[in-house]
2 protein chains.
Amino acid sequence: MPVEIGAEPEAEVEDDSALQLHIKFDPRRQVSAQVYEALKKAIVSLQLPPGSSISENRICRHIGVSRTPVREAIIRLVEDELIEVFPQKGSFVAPIKLSAVRENHFSRKALELAVLRRAAASWSALHSSRARYIVDRQAAALGAEDFDDFHALDETFHRSFCVAAELEGVWSTIQTMKARVDRVHRLSAVQGRLPKVIAEHGAILDALDASDCEGALARLEYHLEQAPTMLETLIGKHEKYFVD
Amino acid sequence: MPVEIGAEPEAEVEDDSALQLHIKFDPRRQVSAQVYEALKKAIVSLQLPPGSSISENRICRHIGVSRTPVREAIIRLVEDELIEVFPQKGSFVAPIKLSAVRENHFSRKALELAVLRRAAASWSALHSSRARYIVDRQAAALGAEDFDDFHALDETFHRSFCVAAELEGVWSTIQTMKARVDRVHRLSAVQGRLPKVIAEHGAILDALDASDCEGALARLEYHLEQAPTMLETLIGKHEKYFVD
DNA sequence: CATTTCATGCTTGTATACTAGGGTACTATG
DNA sequence: CATAGTACCCTAGTATACAAGCATGAAATG
C-alpha cells in the first residue's frame with residue numbers, strides 16, 4: 001500500500017508549495033499536453049520526488065483547469081511508468097524500481113549501440129562538427145552551472161547519433177526508457193561526474209572521426225556504464241525513493 | 001442531403017458493421033482498459049484497417065458506455081501510434097508508416113538479439129523444454145488454422161527469451177514496437193510463411209541447446225529479417241494502407 | 001477502558017453538458 | 001448557370017456532476 005513516503009511526516013501543511021508547476025498556458029495548444037509536460041518535467045527532475053501525492057483535484061485547482069486534462073496527462077504518465085494510480089486511494093509518483101532501472105538501462109544500451117554502429121557507417125565531417133558543437137555548448141552550460149541546459153544538451157548529443165543513422169524515430173523509444181532511469185542520473189549529478197561526461201562524449205567523437213567503429217562502440221558502452229556503477233551508494237543515500 | 005424521414009437504422013451506410021467489438025464487460029475491471037484492449041486487438045488484427053474512423057461518439061454508443069473511457073482508451077492508443085487524432089476533424093486508425101516500420105523493426109531486432117545473447121549465457125534444459133513446448137503448440141495451432149492462437153504463441157515464444165535472460169520487463173518494450181509492425185505481419189500471414197516460422201523457431205532452439213550462441217543469434221536475425229523482405233509486394237497489394 | 005459502528009471526507013471512475021472549430025450541402029444572389 | 005455565403009451537423013477539447021470505494025476518526029455501546 002502506498003503509505004506516504006513523505007520525508008517529513010510532520011509536514012501537515014499542504015505541500016502545494018512543492019507544486020511549483022510554473023505553467024504559462026499557450027491557449028493554442030492542448031491543455032492536457034501542457035500539463036503532461038509540466039508534470040513529467042517535475043517528476044524526472046525530482047522536484048516531485050517518488051511517493052508524492054498526485055491528486056487530480058489538487059493539481060487542477062492549483063493550475064486552474066478542470067480535472068479532465070489533468071486526468072489525461074496522468075494517463076500518459078502512467079504509460080511512462082512515472083505515476084502509479086490506486087483507484088479510490090490516490091495517485092502517486094512511482095518509486096524508482098531497481099529491476100526496471102536495470103532493464104531499461106539494458107535496453108537503452110542495446111539500442112544506442114546498434115544506432116551508433118549504423119551511424120558510424122555514414123559518419124561525415126558535418127555530423128562531427130554538429131556533434132562537437134553540442135559538446136561545446138554542454139561545456140558552457142556546465143561552466144554556467146545551468147544543469148537543466150546541460151541535461152537538455154546531453155539528450156541532444158545522444159539524439160544526434162539517431163539523426164546520423166537516419167533512425168530518428170528510434171530516439172523516441174530511447175527517450176522513453178531514458179525517462180525511466182533519468183531520476184537516477186539526477187541523483188548522481190551532484191557527484192562531480194559532469195566534467196567526465198563531456199570528456200567521454202568527446203572521446204566517442206574522436207573514435208568516429210578516426211573511422212574506428214569498434215572503438216566508438218566501446219567508448220559509448222563505457223560511457224553508458226558509468227551511471228549504474230554508483231547506484232549502490234545512491235540507494236544508501238536515498239533509500240526512501242527505491243523499491244525492489 | 002437526401003434525408004429520408006424514415007429513420008431506419010439500416011438506411012445508414014455507417015460502417016458500424018466493422019465495429020464488431022464484441023466486448024463482454026467485466027464490471028470489476030476498468031471500462032477504459034477493456035475498451036483499450038478491444039480496440040487494440042481490432043486494429044492490430046486489421047479488423048479495423050488503417051484509415052478507419054474512430055469516432056468517440058460512435059464507439060461509445062456502440063458499446064454502451066460514456067465518452068470518457070473511450071477517450072482514455074484512445075489516448076493510450078495514440079501513445080502506441082496506432083491511432084491519429086485530428087482535433088475538430090476526427091480520429092482515425094493510423095496508416096502503416098514505412099519509416100516507422102523500418103525503425104521499429106530495427107529496434108526490435110537490436111533488443112531481441114541483445115536479450116538472446118544474455119539468455120544464451122544461462123540457457124538450461126528447462127528453458128529449452130519450455131520453449132519447445134511452445135513451438136509444438138504453435139504447430140498444433142497452425143494445423144487447426146487457429147491463427148489468433150498462432151500469433152499469441154508466437155509472442156509467448158519470443159517472450160520466453162526475455163524470461164530466460166531474466167529481463168522480462170524488456171518484453172513490454174519489445175511488445176510496444178512489435179505492435180507497431182504487427183499489422184504488416186498480419187498482411188503477410190497469408191503467404192504460407194507460417195510453417196517456415198515454426199522451423200526457424202526450432203532452429204534457434206537447436207543452436208541454443210548446442211551452446212552455439214553466435215549461431216542462435218544468426219538464426220534469430222535471419223528469422224526477424226524474413227518479414228521485411230516481402231514488404232514491397234505487400235505495399236503493392238494494399239497500397240492504401242501505407243504512407244511514406 | 002476497549003470495541004464496534006457509522007458518519008464524513010477524501011480518492012478515482014464514469015457520465016453528461018457545454019464550447020469552439022471545421023466540413024459540407026444547401027441556398028441566395030450575381 | 002456559377003459562385004459566394006450561410007446554416008447545420010459533426011468532431012474533439014474541456015468543464016462539471018454524479019457514483020462508488022476506501023480511510024479515518026468520532027461516537028456509541030459493551
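No hydrogens, no waters, no symmetry mates; every other heavy atom, side chains included, goes into these values. Proteins come first, then strands; the chains are lettered A, B, ... in the order of their sequence lines, and each starts at number 1. Source: prediction; values computed, not measured.
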query = To the nearest angstrom, how far is N57(A) atom CG from dC10(C) atom C1'?
reply =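 So the CG-C1' distance, N57(A) to dC10(C), works out to 9 Å.
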ask   = Which residues pass the side-chain hydrogen bond (donor to acceptor under 3.5 Å, both in side chains) test with H105(B), sequence neighbours left out?
value =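 For H105(B), the residues satisfying side-chain hydrogen bond (donor to acceptor under 3.5 Å, both in side chains) (neighbours in sequence not counted) are E225(B).
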Short N/O separations, protein against nucleotides 19-24 of chain C, under 3.5 angstrom:
none

request  = Specify the separation, in whole Å, of atom CZ of F25(A) and atom P of dA15(D).
outcome  = 9 Å
message = Tell me which residues in residues 65-77 of chain B lie within less than 4.0 Å of DNA chain D, going by non-hydrogen atoms.
response = R67(B), R71(B)
ask   = Of all residues at least two apart in sequence or in a different chain, which pass the salt bridge (Lys or Arg N to Asp or Glu O under 4.0 Å) check with D182(B)?
value =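 D182(B) satisfies salt bridge (Lys or Arg N to Asp or Glu O under 4.0 Å) with K178(B) once adjacent residues are dropped.
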request  = Tell me, please, which residues at least two apart from E37(B) pass side-chain hydrogen bond (donor to acceptor under 3.5 Å, both in side chains).
outcome  =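 Residues passing side-chain hydrogen bond (donor to acceptor under 3.5 Å, both in side chains) with E37(B): R29(B).
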Residue list, salt bridge (Lys or Arg N to Asp or Glu O under 4.0 Å) with D244(A), at least two apart or on another chain = none
message = Quick one about D26(A) and Q34(A) (side-chain donor to acceptor, distance below 3.5 Å, no hydrogens or angles considered), yes or no?
response =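 Their side chains do not contain a donor-acceptor pair, so the 3.5 Å distance test is not met.
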ask   = Roughly how many Å is it from CZ in R61(A) to P in dT11(C), rounded to a whole number?
value = 7 Å
ask   = Is the phosphate of dT12(C), meaning OP1 or OP2, less than 4.0 Å from a side-chain N or O of S91(A)?
value =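 Yes, because at least one side-chain N or O of S91(A) sits under 4.0 Å from OP1 or OP2 of dT12(C).
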inquiry  = I need the CD-P distance between E56(A) and dT14(C), as an integer number of Å.
reply    = 11 Å
query = Does R67(B) have any side-chain hydrogen bond (donor to acceptor under 3.5 Å, both in side chains) partners at least two apart in sequence or in another chain, and if so, which?
reply =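 By the side-chain hydrogen bond (donor to acceptor under 3.5 Å, both in side chains) rule, R67(B) matches E56(B).
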key: Nearest-Å distance for atom pair CD/P, residues Q30(B) and dA15(C)   = 12 Å
query = Nearest-Å distance, CZ (F92(B)) to P (dC10(D))?
reply =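 Taking atom P of dC10(D) as the reference, CZ of F92(B) is at 15 Å.
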inquiry  = Taking the side chain as everything from C-beta on, heavy atoms only, tell me whether W171(B) gets closer than 4.5 Å to H158(B).
reply    =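 A side-chain contact exists here, since the closest heavy-atom pair is under 4.5 Å.
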note = Rounded to 10°, the helix from dC1(C)-dG30(D) to dG30(C)-dC1(D) deviates from straight, judged by its five-pair end axes, by 30°
task = Figure out the CZ/P separation between F86(A) and dA20(D), and round it to whole Å.
result =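 Taking CZ of F86(A) and P of dA20(D), I get 24 Å after rounding.
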query = Quick one: is dT14(D) close enough that its OP1 or OP2 comes under 4.0 Å of any side-chain N or O from S32(A)?
reply =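 Answer yes for this pair, as a side-chain N or O of S32(A) is under 4.0 Å from OP1 or OP2.
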task = List in chain and number order the residues that pass side-chain hydrogen bond (donor to acceptor under 3.5 Å, both in side chains) with Q30(A), two or more places apart in sequence or in another chain; answer none if no residue qualifies.
result = S32(A)
Side-chain donor-acceptor distances from residues 76-86 of chain B under 3.5 Å, at least two apart:
residue, atom, partner, partner atom, Å
R76(B), NE, E79(A), OE1, 3.3
E79(B), OE1, R76(A), NE, 3.3
D80(B), OD2, Y36(B), OH, 2.6

Below 3.5 Å, can you tabulate the donor-acceptor pairs from side chains in residues 159-167 of chain A to any protein atom, sequence neighbours excluded?
residue, atom, partner, partner atom, Å
R159(A), NH2, E168(A), OE2, 3.2
S160(A), OG, F157(A), O, 2.5

query = What's the CD1-C1' distance between I83(B) and dA12(D), to the nearest Å?
reply = 13 Å
request  = Report the residues that fulfil salt bridge (Lys or Arg N to Asp or Glu O under 4.0 Å) with E112(A), sequence neighbours left out, ordered by chain and then residue number.
outcome  =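 With neighbours one apart ignored, the set is R108(A).
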